[in-house]
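In what follows, chains are A, B, ... by sequence order, proteins preceding strands, each numbered from 1. In this text the structure is predicted, and so the values were computed from the model without any measurement.
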Amino acid sequence: MSPLERYLIVAALLFGIGLAGALTRRNAILVLAGIELMLTAVNLNLIAFGRYGGHAAPAAGQVFVLFVIAVAAAETAVGLALIIALFRHRRTVQLDEADELRG
Amino acid sequence: METAFHLLAVGLLVAAVAAMSLRHLVHCALCLVAVFAAAAGLFLTLGAEFLAFAQVLVYVGAISILIVFAMLLTRTRAVDAASLSVRPRALGVTAAGAVAGFVIAAVLTSRALPEKAAAAPAVPVRELGRELMTQQVPALLAVGLLLTAALLGAVVLALREPPAAPSGKEPRA
């Protein structure tokens with residue numbers, strides 16, 4: 001198994017774990033954490049391809065990961081603010097108890 | 001390098017499973033920190049030092065603290081006595097397993113991946129900075145704008161609403 005394949009397989013497993021968490025957990029914060037795990041898996045893929053996937057643009061993969069990290073940080077901040085706003089209205093962060101569109 | 005990769009990969013996956021399946025929220029947050037740290041280690045084994053440090057700063061530092069604060073602010077009971085999963089749990093786990101299995105099968109059978117594992121030379125930080133400051137300037141400015149907007153948006157969203165009653169302590173239901 002080549003080094004690239006090993007990293008890709010680890011990233012695929014991490015993505016699957018994050019997806020399972022995001023799909024099944026009731027707590028909204030852990031759903032957000034699952035999404036973070038999926039993003040980390042994507043970053044791992046990008047860096048592995050940048051290292052082992054040919055030499056066309058070696059810095060491109062890492063630059064892309066930098067932008068993904070920045071956008072993920074913004075996404076987490078806004079997501080957690082939404083969860084706190086939800087908690088303030090409903091006194092819960094369990095997703096199945098917040099299933100109406102009207103506040 | 002070989003041993004480091006195996007240790008980090010196993011630690012990453014075990015911590016990820018624990019973070020997504022434990023019942024106690026604080027334990028989940030700690031396992032999440034372990035996942036992010038192990039991912040930073042994997043970045044190091046790939047020769048991406050700057051990204052490993054960015055990962056430690058942003059994820060292990062900032063995002064974990066943010067998640068822990070959100071857990072504390074929204075805590076109703078430390079241990080969730082009720083069911084952990086919202087939908088049929090087997091369905092979600094099966095779907096995720098199918099996605100991961102499909103990707104792994106594709107990786108193992110694909111002929112598009114380069115056969116020879118010729119590692120590109122590690123990209124020095126100077127090269128990364130030059131790339132950011134020359135070719136990627138519009139994207140860099142856009143990210144700066146996005147971060148500012150997200151910061152303001154998060155503050156506005158989490159802002160306490162003006163009290164409706166004179167006593168004012170209780171948030172509006």
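Geometrically, Arg91(A) engages Phe87(A) in a cation-pi contact, judged by NZ or CZ lying under 6.0 Å from the ring centre and within 45° of the ring axis.
Of the two parts of Phe102(B), neither the backbone nor the side chain holds a non-hydrogen atom closer than 4.5 Å to a non-hydrogen atom of chain A. With a threshold of 4.5 angstrom between heavy atoms, Val78(A) approaches chain B through its backbone and through its side chain. In this structure, chain A has a heavy atom under 4.5 Å from the side chain of Leu32(B), while its backbone stays farther away. Only the side chain of Leu80(A) comes within contact range of chain B, with at least one heavy atom under 4.5 Å from a heavy atom of that chain. Residue contact with chain A, scored on non-hydrogen atoms closer than 4.5 Å, involves the backbone and the side chain of Ala16(B) alike. In this structure, chain A has no heavy atom under 4.5 Å from any part of Ala149(B). Interface residue Ile63(B): only side-chain heavy atoms are found under 4.5 Å from chain A. Contact of Thr94(B) with chain A is not made at all, since no heavy-atom distance falls under 4.5 Å. Heavy atoms of Val17(B) lying under 4.5 Å from chain A belong to its backbone as well as its side chain. Residue contact with chain A, scored on non-hydrogen atoms closer than 4.5 Å, involves the backbone and the side chain of Val107(B) alike. Proximity to chain B involves both the backbone and the side chain of Ile47(A), based on heavy atoms less than 4.5 angstrom apart. Contact of Phe69(B) with chain A is not made at all, since no heavy-atom distance falls under 4.5 Å. Interface residue Leu159(B): only backbone heavy atoms are found under 4.5 Å from chain A.
The residue among Leu86(A), Leu13(A), Ile29(A) with the most heavy atom pairs within less than 4.5 Å of chain B is Ile29(A). Each of Glu127(B), Arg130(B), Met20(B) has some count of heavy-atom pairs under 4.5 Å with chain A, and the biggest count is that of Met20(B). When Ala48(B), Ala95(B), Ala98(B), Ala54(B) are compared by the number of non-hydrogen pairs under 4.5 Å with chain A, Ala48(B) comes out ahead. Chain A forms more heavy-atom pairs under 4.5 Å with one residue of Gly101(B), Ala39(B), Ala139(B) than with any other, namely Ala139(B). Counting heavy-atom pairs closer than 4.5 Å to chain A, the top-ranked of the candidates Val156(B), Leu140(B), Val10(B) is Leu140(B). Among the candidates Thr40(A), Val93(A), Leu66(A), the residue making the largest number of heavy-atom pairs closer than 4.5 Å to chain B is Leu66(A). Residue with the most contacts toward chain A among Ala9(B), Gly153(B), Cys28(B), Ala62(B): Cys28(B) (heavy-atom pairs, distance under 4.5 Å). Most heavy-atom pairs under 4.5 Å with chain B: of the set Leu32(A), Leu44(A), Thr76(A), Ile84(A), this distinction falls to Leu44(A).
Closest non-hydrogen pair, Ala15(B) versus Cys31(B), comes out as O-CB, 3.6 Å.
Thr3(B) OG1 to Leu7(B) CG: the interatomic distance, rounded to the nearest 0.5 Å, is 7.0 Å. From Ile9(A), atom CD1 reaches atom CG of Asn45(A) across 11.0 Å, with rounding to the nearest 0.5 Å. Annotation: the span from Leu14(A) atom CG to Leu42(B) atom CG amounts to 9.5 Å, rounded to 0.5 Å. The OH atom of Tyr59(B) sits 15.5 Å away from the CD1 atom of Ile65(B) when rounded to the nearest 0.5 Å.
The side-chain heavy atoms of Gln62(A) and Glu131(B), taken from C-beta on, include no pair separated by under 4.5 Å. Counting heavy atoms from C-beta outward, Leu25(B) and Leu30(A) have side chains that approach closer than 4.5 Å. By the 4.5 Å heavy-atom criterion applied to side chains, Leu37(A) and Phe15(A) are not counted as neighbours.
A salt bridge links Arg6(A) to Glu2(B): one of the charged nitrogens lies within less than 4.0 Å of a carboxylate oxygen.
The backbone N or O of Leu46(B) lies less than 3.5 Å from a partner atom in the side chain of Arg51(A), making a donor-acceptor pair. In this structure a side-chain-to-backbone donor-acceptor pair under 3.5 Å is missing from Arg89(B) to Thr24(A).
Note: Phe49(A) and Tyr7(A) fail the aromatic proximity criterion, with ring centroids not under 6.0 Å apart.
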